[in-house]
Amino acid sequence: MMLPATYATALLLAILTMLCWGSWANTLKLAGKWRFELYYFDYTLGLMIAVTVAAFTFGSWDSEGALAADIAAFNFLDNMMVASKTQMAYAMVGGAVFNLANLLLVAAIAVAGMSVAFPVGIGLALIVGVVLNTIIKPAGSALFLFSGVFLVLLAIIASAMAHSLHMANKVKVAPVEPVEGRPAVRRPAVRHGAARGPSALKGILLSLAAGLLMGLFYPLVEMSKRGEIGLGPYAAAFMFGLGVLVTTPVYNLFFMNLPVEGEAVAIRDYLRGTLKQHLLGVAGGIIWAVGAVSNFVAASAPASVNVGPGVSYALGQGATLVSTLWGLLVWKEFAGATPAVRKRVALMLILFIGGLALVSLAPLNK
């Protein structure tokens, strides 16, 4: 199998993870009014296609150079034949845990918006994931790593503050028809989709559950690779994909019948989607899976060039920065923002770049 032979290659793979994990959701936005529950079936298919192709190509080839390591003697099929069933189960459970976390996060966004779901969910996932991964397989300077994580968390908070303030500034004042004998008054218009009452609490609880689970899936994958009969990164990605594939019908049917927002949807509604909507779902799954495989491979590099699972996972969660840039530059989510909002966005970008730089340098300062 192909593994990084230099630290620079391993780091580039971790950065590729960040780009992919921060970009796949664009396919959902491009799908228009396509419900996320229906989109998710195609997303799962794309994810499984990508991990299978990776297993039978990069996971089965022998090569030389920056993407090859001498220890990579086993190919994918050899690895699957000798690996422990327990290790396979760890990877599948990791896929199942991630799948539920991902659906809960999307549900939290639907209920309470990004300003609640991302700071709470991704922030908690970052804390849980980096701490657990560092305990399982320490790599690099703890000072650099946790200082970088702290800056990333501050960046997430700054992003949430910018988003909340921007949404508050966009609330329009609606005129009210004058009543005889009384002057016309104006009142704040209620934004469509704004969380009210129980919805706000529901969004926070969904975000907390998503963050906790999202932080747990990666350590499970790392546990599947431990030991002499553990899974290699490509086999782990394949078994992870199987965990997602098996659990999607179970999880998704629950969300379809008890939706967090809107009316219930039926399986027949999936067949009403356009070819473009289905292809966008498949593309979203492929993009996320490319990032996941890159992440698993980067964390499995030889010890001399290994970025470590904690660093690899932390850089992956830097996808929040990429998502924000997509929103700023392509989707124009902060169009017409006030100077106060723009300052918070600038602060968020500076903190993210500084935090990710410290995390990237952690393995070089042991």
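Basis for what follows: all heavy atoms, side chains included, without hydrogens, waters or symmetry-related copies.
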- request: Nearest 0.5 Å please: distance from the CD1 atom of Ile15 over to the CG atom of Asn295.
  value: 12.0 Å
query: How far apart are the closest heavy atoms of Ala55 and Ser60, and which atoms are they?
result: O-OG, 2.9 Å
Gap between atom CG of Leu347 and atom CD1 of Ile157 - 0.5 Å precision: 10.5 Å
- prompt: Short question: side chain of Tyr251, backbone of Ala96 - any donor-acceptor pair under 3.5 Å?
  reply: yes
task: Check whether Phe352 and Phe150 end up in the same hydrophobic cluster, where Ile, Leu, Val, Met, Phe, Trp and Tyr are linked by side-chain heavy atoms less than 4.5 Å apart.
output: yes
task: Report yes if the side chains of Val297 and Met1 come closer than 4.5 Å at any heavy-atom pair, otherwise no.
output: no
message: For a side-chain contact (heavy atoms from CB on, under 4.5 Å) check, start with the C-alpha distance between Met256 and Leu38, then their side-chain angles and the critical distance, and finish with the verdict.
response: CA-CA 8 Å; Met256 291 171 67; Leu38 304 176; 4.1 Å; yes
- prompt: So do Val128 and Leu132 actually touch side chain to side chain, heavy atoms under 4.5 Å?
  reply: yes
field: Separation of Met239 CE from Lys85 NZ (nearest 0.5 Å)
entry: 9.5 Å
message: Under the criterion side-chain contact (heavy atoms from CB on, under 4.5 Å), I'd like the reasoning laid out for Asn252 against Leu103: C-alpha separation, chi angles, the key distance, then a yes or no.
response: CA-CA 8 Å; Asn252 216 7; Leu103 277 165; 4.1 Å; yes
- prompt: Are any non-hydrogen side-chain atoms of Met48 and Leu242 less than 4.5 angstrom apart?
  reply: yes
Distance, nearest 0.5 Å, that separates CG of Leu216 from CG of Leu220: 6.5 Å
query: Counting distance only, does the side-chain N/O of Thr52 pair as donor-acceptor with the main-chain N or O of Phe238 below 3.5 Å?
result: no
message: If hydrophobic clusters are built by linking Ile, Leu, Val, Met, Phe, Trp and Tyr wherever their side-chain heavy atoms come under 4.5 Å apart, do Met88 and Phe76 end up in the same one?
response: yes
field: Rounded distance (nearest 0.5 Å) linking atom CE of Met92 with atom OG1 of Thr247
entry: 8.5 Å
query: Which heavy atom of Pro4 sits nearest a heavy atom of Val305, and at what distance?
result: O-CG2, 3.9 Å
message: Main chain of Trp24, side chain of Thr27: is a donor-acceptor contact present, judged purely on distance under 3.5 Å?
response: yes
- request: Mark yes or no for whether Gln87, through its side chain, and Ser84, through its backbone, hold a donor-acceptor pair below 3.5 Å.
  value: no
- request: Please check if the side chain of Thr9 supplies one atom and the backbone of Ala5 the other of a donor-acceptor pair under 3.5 Å.
  value: no
message: Using a 6.0 Å cut-off, check whether atom OH of Tyr39 has over 12 heavy atoms from anything other than its own residue.
response: yes
Heavy-atom check, side chain of Leu253 versus side chain of Ile267, under 4.5 Å: yes
query: Quick one: does Phe254's side chain get under 4.5 Å of Val250's, heavy atoms only?
result: no
task: Have a look at His278 and tell me which of Phe41, Tyr40, Tyr43, Trp34 forms a ring-ring contact (aromatic ring centres under 6.0 Å, His included) with it.
output: Trp34
- prompt: Are Leu279 and Phe36 joined in one hydrophobic group, where the rule is that I, L, V, M, F, W and Y side chains link up if heavy atoms are under 4.5 Å apart?
  reply: no
query: Between Asp269 and Ala266, is there a donor-acceptor pair closer than 3.5 Å when you use the side chain of the first and the backbone of the second?
result: yes
query: Got a donor-acceptor contact below 3.5 angstrom from the Asn79 side chain to the Leu231 backbone?
result: no
- prompt: Can you tell if the side chain of Glu37 reaches within under 4.5 Å of the side chain of Pro259, non-hydrogen atoms only?
  reply: yes
query: Do you know which two heavy atoms are closest between Ala101 and Leu213, and how far apart they sit?
result: CB-CB, 3.5 Å
query: Any side-chain heavy-atom pair from Phe255 and Val265 closer than 4.5 angstrom?
result: no
field: Ala340 backbone acceptor or donor facing Arg344 side chain under 3.5 Å
entry: yes
statement: Closest non-hydrogen atoms of Tyr90 and Ser224, given as atom of the first, atom of the second and distance, are CB-CB, 3.7 Å
Closest heavy-atom pair and its distance - Ser300, Pro233: OG-CB, 3.7 Å
- prompt: Between the side chains of Tyr234 and Asn75, is a donor N or O closer than 3.5 angstrom to an acceptor N or O?
  reply: no
- prompt: Under the side-chain contact (heavy atoms from CB on, under 4.5 Å) criterion, do Val290 and Ile286 qualify, and how do the steps go?
  reply: CA-CA 6 Å; Val290 168; Ile286 291 174; 4.3 Å; yes
With Phe240 via ring-ring contact (aromatic ring centres under 6.0 Å, His included) - residues at least two apart: Phe98, Phe217, Trp288, Phe296
- prompt: At what distance, to the nearest 0.5 angstrom, does CD1 of Ile49 lie from OG1 of Thr44?
  reply: 11.0 Å
message: Can you give me the closest heavy-atom contact between Gly95 and Val244, atom names plus distance?
response: O-CG2, 3.5 Å
task: Look at the side-chain heavy atoms of Ile, Leu, Val, Met, Phe, Trp and Tyr, link any pair under 4.5 Å apart, and say whether Leu16 and Val322 land in one connected group.
output: no
message: Within the structure provided, determine whether Phe58 and Val293 are in side-chain contact (heavy-atom separation under 4.5 Å).
response: no
task: Give a yes or no on whether Leu12 and Leu358 share a hydrophobic cluster (residues Ile, Leu, Val, Met, Phe, Trp, Tyr; joining criterion: side-chain heavy atoms under 4.5 Å apart).
output: no
